[in-house]
S.K.: 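Can you keep this structure in mind? I'll have questions shortly.
Residue numbers count from 1 along this sequence. When a ligand or atom number is given, it counts from 1 through the structure's own listing order.
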Amino acid sequence: MDRVYNFSPGPSQLALPVLEKAQKELLAYGSTGMSVMEMSHRSKMYTDIYDRAVADLKDLMAIPEDYEVLFLQGGATLEFSAVPLNLMVNKKADYIDSGNFAHLAAEEGKRYGTVNVVASSREDNYTYIPDLKSITFTPGADYLHITQNNTIYGTRYVELPESDAPLVCDASSMILSETMDVSKYGVIYAGAQKNIGPSGLCVLILRKDLAGHAMNICPKLMNWQVQVEKGSMYNTPNTWGIYVAGLTFQWLKEMGGVAAMEKINIEKAALLYDFLDNSKLFKPTAQKKYRSRMNVTFVTGDADKDAAFVKAAAAEGLVNLKGHRTVGGMRASIYNAMSIEGVQKLVAFMKEFEAKNA
Ligand SMILES: *Cc1c(COP(=O)(O)O)cnc(C)c1O
């Protein structure tokens with residue numbers, strides 16, 4: 001069976017060489033005679049896989065020496081709770097509400113202390129990133145939380161806010177798609193299923209001094225200090241997920257690294273937005289300045305036409321283009337593993353559909 005072009009927001013398309021390598025090694029990894037799924041997480045063969053994944057991620061993102069990389073469970077969502085549980089020493093934190101996941105993170109934070117939503121675009125259905133210059137940050141806040149790419153609404157930060165508090169970033173739908181200056185952040189976390197690997201896994205990049213402050217009620221498994229000491233292995237980690245993540249990191253290095261991917265991603269996004277800006281049928285929904293390079297949201301303005309488009313595209317092997325119900329219309333998620341060719345095919349099909357339906 002032929003593979004489709006999968007524009008799913010997550011879990012998303014993985015790079016074909018990653019899947020092929022995992023397939024090739026599925027029954028017997030190297031000379032071990034067993035699958036990665038069957039290995040002890042404490043074995044030398046597995047810790048080699050783990051160590052290489054950590055080293056390759058550090059290399060890809062130029063992660064400074066004073067940061068730790070952890071592979072945790074519970075996806076990005078469990079970190080909505082882990083962040084306050086580990087960082088809310090003074091019981092107050094700032095959040096910028098730029099989308100659905102940003103909102104959920106802030107709501108979760110409220111269980112553990114005072115959450116100040118210092119800026120929000122919620123009233124305008126999150127079509128832009130709030131103005132960062134006009135924010136008054138809370139003195140003594142334990143951290144400032146942002147969601148750097150808003151997966152559902154298709155917006156991205158074009159610059160970072162400047163607060164005195166450590167910057168905590170949900171990078172789930174943009175990690176490894178563009179270069180990030182890690183030293184500007186206290187914590188970066190990302191659910192793996194968009195740009196890294198299987199779901200359930202969360203990559204956490206943590207400035208070392210931010211570990212060791214967890215509340216007493218913090219479950220031990222969610223305590224970053226414990227996980228730093230145990231090398232992400234306080235309990236059995238998602239061994240298979242980490243292995244596939246490692247394969248993605250190797251593939252990214254072969255592709256030339258994050259800066260090379262960023263170039264391709266800019267090109268992919270431009271292909272779609274240039275078409276949308278000139279289309280007689282389709283309209284982009286996010287404000288131009290804040291357009292995401294990973295999640296491109298658009299509508300026709302007619303729900304029946306939207307549905308017809310999504311259906312017709314799927315018949316051509318361009319699948320999972322339906323937008324989130326809160327935005328409607330369509331969303332093309334074009335993470336690292338989506339090729340330029342896939343985006344070209346999508347644009348060509350949109351042109352065809354437009355000619356018949358505008
Ligand atoms: C997908 C996503 C999440 C949720 O990730 P899970 O792994 O399902 O918990 C959180 N934040 C952002 C920005 C996302 O895109």
S.K.: Which atoms from ligand 1 have a heavy atom of Thr147 less than 4.0 Å away?
M.R.: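 Under 4.0 Å from Thr147, ligand 1 has these atoms: 13 (C).
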S.K.: Out of Gly191, Ala76, Gly10, who gets a non-hydrogen atom closest to atom 5 (O) of ligand 1?
M.R.: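 The option holding the nearest heavy atom is Ala76.
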S.K.: Are side-chain N/O atoms of Ser232 and Tyr50 paired as donor and acceptor at under 3.5 Å?
M.R.: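 Yes, a side-chain donor-acceptor pair sits under 3.5 Å.
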S.K.: Going by the order shown, which atoms of ligand 1 are within less than 4.0 Å of some heavy atom of Gln193?
M.R.: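 It comes down to these atoms of ligand 1: 5 (O), 6 (P), 7 (O), 8 (O).
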S.K.: Test Tyr95 against every option in Phe80, Tyr143, Phe101 by the ring pair (Phe, Tyr, Trp, His ring centres under 6.0 Å) rule and name the one that passes.
M.R.: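 Answer to the ring pair (Phe, Tyr, Trp, His ring centres under 6.0 Å) test with Tyr95 among Phe80, Tyr143, Phe101: Tyr143.
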S.K.: Do Asp209 and Arg207 meet the salt-bridge criterion of a basic N to acidic O distance under 4.0 Å?
M.R.: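 Looking at Arg207 and Asp209, the cut-off is met.
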S.K.: Are there more than 12 heavy atoms of other residues, nucleotides or ligands under 6.0 Å from atom CZ of Arg325?
M.R.: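 Not buried by this count: 12 neighbours or fewer within 6.0 Å.
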S.K.: When you measure from atom 9 (O) of ligand 1 to every protein heavy atom, which one gives the shortest distance, and what is it?
M.R.: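 Heavy-atom neighbour on the protein nearest atom 9 (O) of ligand 1: Thr77 OG1, 2.5 Å.
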S.K.: Using a strict 4.0 Å cut-off to heavy atoms of Lys194, name the atoms of ligand 1 that fall inside it.
M.R.: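 Listed by number with element, the hits are 1 (C), 2 (C), 3 (C), 14 (C), 15 (O).
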S.K.: Is there a nitrogen or oxygen of Asp170 sitting under 3.5 Å from a nitrogen or oxygen of ligand 1?
M.R.: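 Asp170 vs ligand 1: N/O contact under 3.5 Å present.
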S.K.: What atoms of ligand 1 come within less than 4.0 Å of a heavy atom belonging to Thr151?
M.R.: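 In order of number, 12 (C), 13 (C), 14 (C), 15 (O).
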S.K.: Show which atoms of ligand 1 fall inside a sub-4.0 Å distance from at least one heavy-atom site of Gly75.
M.R.: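 Under 4.0 Å from Gly75, ligand 1 has these atoms: 7 (O), 9 (O).
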S.K.: Taking N or O atoms only and a 3.5 Å limit, does Asn149 qualify as a polar contact for ligand 1?
M.R.: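 Between Asn149 and ligand 1, no N or O pair is found under 3.5 Å apart.
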S.K.: Would you mind checking if Lys288 and Asp277 are paired as a salt bridge, meaning a charged N to carboxylate O distance below 4.0 Å?
M.R.: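 Salt bridge present between Asp277 and Lys288.
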S.K.: Between Asn238 and Tyr46, what is the shortest heavy-atom contact and its length?
M.R.: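 Closest approach of Asn238 to Tyr46: O-OH, 4.2 Å.
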S.K.: Are any of the N/O atoms on Phe80, whether in the backbone or the side chain, positioned under 3.5 angstrom from an N/O atom of ligand 1?
M.R.: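 No - when backbone and side-chain N and O of Phe80 are compared with those of ligand 1, no distance drops under 3.5 Å.
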S.K.: Could you verify whether a donor N or O on one side chain and an acceptor N or O on the other, from Thr151 and Asn295, lie under 3.5 Å apart?
M.R.: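 Not at all, the side chains of Thr151 and Asn295 share no donor-acceptor pair under 3.5 Å.
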